[in-house]
Enquirer: 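So that we are looking at the same thing, I have put the structure below in structure tokens.
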Amino acid sequence: MDLSDIRIVDAHIHQWDPFTTPRDFSAVAKLLRLLPVPVDVAKRLAPRRDREFAGDPVPYLHPYLPFDYRADAGNAPIETIAHIEVEWSEQGPFGKVGETAWVAGLPLHSAPRLGAILAGGDPAAPEFAALLDAHLAASPLVRGIRAGVAHHPDRGVRSFTDIEFRLTTKEFLNGFAQLAERGLSFEAWVYSHAIPDVTALAERYPEVPIVLNHLGTPAGVFGAVGKHTGTNPGLRRQLLVRWRDDLAAVAAQPNVVAKVSGLMMPILGHPVPRRGVATPVPELLDRIGPLLGHALDVFGADRLIWGSNFPVDKPITSIANSIEAVATAVTDHGGGKPELERIFRTTAQRVYRIAENSDRGAGPTT
């Protein structure tokens, strides 16, 4: 599928440097840099839930900066990127503002240029309103917030919060209104069993744009993960059926769009190939094709956004293969050039208010 004439927006990438910035994985990265222990030996010492989530720890143990992303993007016609917060661990009520300022200072002024920042923050925190204002002061490219709300009932699957049903707590719901007051969106990354909580949130706050990350991450849909998730075809079928129903329900909320991203995350149950070898596109299509087809049916191309989720998806795929697999799945499902243009470019431009040329001076709408 030729996308050379579509100037792509990669709406979900991460940048990090575990050696010079505070990340949840910085201590491990620094330790392994000092110890003469091969990565694959150290990997065996990590908790199984971390091994299954990462697939390959190498991307987390080294910096991933603009040069690295551009090298991975290769000749893909990616014009603009949106940066998503990632495990910034600086302490204090305004600690996560440090990530926004750091990202805004990266050399991302030419293709692919930085078009939007989705910053970190917890709506349940007492200082949430002030945190939002601090993010906006740190960069005019801040378009929304992502919070660490992904919790899985299988204790063998890595969770990013100890609080189950985080989106439904009184404190979270009360703070969430601050997003509407500032014209900001919410990046909802949950595991698939919590998609109904996203639906309820969208119903309660129809004025807040909500971006469902990674099509709701049905962990284990392609293979066994954790203690008992996706351990046999019957359980995977149940998971898929529930995901389909819940995705259709959340798509009924007009303020929700979904990211066609993270479909190659190891936690979905993908077999992890040998390091440096990308999964062939036909194999990816066999797995993700049904997910994409359903997402296209219930959301439509006007409410789907592509993102590479690099480098998190890197153990499974390359950026080129991710683009090809998604584009082929869309066309196999009856989509054409207009649908590809929306998924790979114009939907992200609309949702994140990314201008055609330069938006570095554009602030949020109010």
Side-chain angles (χ1 to χ4, degrees), residues 1-14 69-70 72-84 108 110-118 141 143-144 185 187 209 211-216 247 251 256-265 278-279 281 284-285 287-314 316-359:
M1 176 55 57
D2 182 15
L3 297 179
S4 59
D5 56 344
I6 296 178
R7 292 170 295 149
I8 294 173
V9 175
D10 186 344
H12 200 105
I13 82 153
H14 303 293
Y69 176 80
R70 290 185 174 112
D72 283 338
N75 294 323
I78 297 172
E79 180 184 70
T80 310
I81 59 98
H83 182 274
I84 314 295
L108 288 166
S110 59
R113 65 186 174 93
L114 181 63
I117 296 174
L118 292 311
L141 293 180
R143 297 291 186 262
S185 63
E187 299 284 312
V211 182
L212 179 68
N213 287 189
H214 310 330
L215 292 186
L247 197 77
V256 179
V257 301
K259 272 187 179 170
V260 180
S261 60
L263 298 182
M264 290 69 158
M265 291 171 69
T279 304
V281 170
L284 293 177
L285 276 170
R287 296 177 212 147
I288 73 170
L291 303 185
L292 275 167
H294 181 61
L296 193 58
D297 286 342
V298 298
F299 276 101
D302 284 334
R303 294 165 61 208
L304 291 178
I305 302 173
W306 176 77
S308 69
N309 195 33
F310 255 56
V312 176
D313 284 17
K314 189 170 181 175
I316 304 299
T317 190
S318 65
I319 290 178
N321 281 13
S322 173
I323 292 171
E324 182 180 350
V326 170
T328 303
V330 170
T331 55
D332 286 350
H333 200 68
K337 188 63 172 293
E339 286 74 22
L340 294 173
E341 180 81 26
R342 293 167 194 155
I343 292 169
F344 282 98
R345 181 173 178 81
T346 58
T347 306
Q349 286 180 318
R350 184 185 76 246
V351 172
Y352 292 141
R353 303 188 301 282
I354 298 173
E356 281 289 338
N357 294 314
S358 175
D359 64 351

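What's counted below: heavy atoms across the whole structure, side chains too, no hydrogens, waters or symmetry copies. Owing to the predicted nature of the structure, the values given are computational and were not obtained by experimental measurement.
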Enquirer: Are Ser110 and Arg70 packed together at the side-chain level, in the sense that at least one heavy-atom pair is separated by less than 4.5 angstrom?
Expert: yes
Enquirer: For a quick test of reading the model, state the closest non-hydrogen atom pair linking Asn321 to Ala278 and the distance between them.
Expert: ND2-CB, 3.7 Å
Enquirer: For Ala11 and Ala82, which heavy atoms make the closest approach, and how far apart are they?
Expert: O-CB, 3.6 Å
Enquirer: Side-chain contact test, heavy atoms from C-beta onward, threshold under 4.5 Å: evaluate it for Lys314 versus Asp72 and give yes or no.
Expert: yes
Enquirer: Any sub-3.5 Å donor-acceptor pair from Thr331's side-chain atoms to Thr328's backbone N or O?
Expert: yes
Enquirer: Can you tell me how far the CG atom of Leu215 sits from the CG atom of Leu292, to the nearest 0.5 Å?
Expert: 6.5 Å
Enquirer: Measuring only between side-chain heavy atoms, which start at C-beta, is Phe299 closer than 4.5 Å to Val257?
Expert: no
Enquirer: Compare all side-chain heavy atoms of Val211 with those of Glu187 and state whether any distance is below 4.5 angstrom.
Expert: yes
Enquirer: Walk me through it: do Leu304 and Arg342 pass the test side chain to side chain contact (heavy atoms under 4.5 Å, CB included)?
Expert: CA-CA 8 Å; Leu304 291 178; Arg342 293 167 194 155; over 6 Å; no
Enquirer: Test Ile319 against Ile78 for side chain to side chain contact (heavy atoms under 4.5 Å, CB included), laying out the working first.
Expert: CA-CA 10 Å; Ile319 290 178; Ile78 297 172; 4.0 Å; yes
Enquirer: Determine whether the aromatic ring centres of residues His12 and His83 are separated by less than 6.0 angstrom.
Expert: no
Enquirer: Considering only heavy atoms from C-beta outward, does the side chain of Gln349 approach that of Val9 to under 4.5 Å?
Expert: yes
Enquirer: Nearest heavy-atom pair of Ile323 and Phe344: which atoms, and what distance?
Expert: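 Taking Ile323 first and Phe344 second, the nearest heavy atoms are O-CZ, 3.8 Å.
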Enquirer: How many angstroms lie between atom CG of Leu108 and atom CG of Leu141, to the nearest 0.5 angstrom?
Expert: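 Here the rounded value is 10.0 Å.
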Enquirer: Under the 3.5 angstrom rule, does the side chain of Arg345 hit a backbone N or O of Arg7 as a donor-acceptor pair?
Expert: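 It does hold such a pair.
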Enquirer: Sub-3.5 Å donor-acceptor pair from the side chain of Arg303 to the main-chain atoms of Val256, do we have one?
Expert: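 Yes.
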Enquirer: Just how far is it from atom OG of Ser185 to atom CZ of Arg353, taken to the nearest 0.5 Å?
Expert: 7.5 Å
Enquirer: Tell me whether Arg143 contacts the main-chain N or O of Ile117 through its side chain, where contact means a donor paired with an acceptor under 3.5 Å.
Expert: no
Enquirer: How many angstroms lie between CG in Leu114 and OG1 in Thr80, if you round to the nearest 0.5 Å?
Expert: 9.0 Å
Enquirer: Ignoring hydrogens, what is the shortest heavy-atom contact between Gly115 and Ile354? Give both atom names and the distance.
Expert: O-CG1, 3.8 Å
Enquirer: Could you check whether any side-chain N or O of Asn213 sits under 3.5 Å from a backbone N or O of Lys259, counting only pairs where one atom can act as donor and the other as acceptor?
Expert: no
Enquirer: Classify the side-chain pair Ser308/Asp10 by whether it contains a donor and acceptor separated by less than 3.5 Å.
Expert: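 Per modelled atom types, Ser308 and Asp10 side chains form a pair under 3.5 Å.
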Enquirer: Do Thr347 side-chain atoms and Ala301 backbone N/O form a donor-acceptor pair below 3.5 Å?
Expert: yes
Enquirer: Of all heavy-atom pairs between His214 and Leu263, which one has the smallest distance, and what is that distance?
Expert: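 Of all heavy-atom pairs spanning His214 and Leu263, the closest is O-CD2, 4.3 Å.
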Enquirer: Any side-chain heavy-atom pair from Ile13 and Ile84 closer than 4.5 angstrom?
Expert: no
Enquirer: Considering only heavy atoms from C-beta outward, does the side chain of Phe310 approach that of Asp313 to under 4.5 Å?
Expert: yes
Enquirer: Please confirm whether the backbone N or O of Ile316 pairs with a side-chain atom of Thr279, one donor and one acceptor, at under 3.5 Å?
Expert: yes
Enquirer: Does Ser261 use its side chain to pair, donor to acceptor, with the backbone of Ile305 at less than 3.5 Å?
Expert: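 Not confirmed, Ser261 side chain does not pair with Ile305 backbone.
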Enquirer: Tell me, with the steps shown, if Asp5 and Lys337 meet salt bridge (charged side-chain N to carboxylate O under 4.0 Å, His left out).
Expert: CA-CA 10 Å; Asp5 56 344; Lys337 188 63 172 293; 2.6 Å; yes
Enquirer: Minimum heavy-atom separation for Met264 to Ala325, with atom names?
Expert: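 The answer is CE-CB, 4.3 Å.
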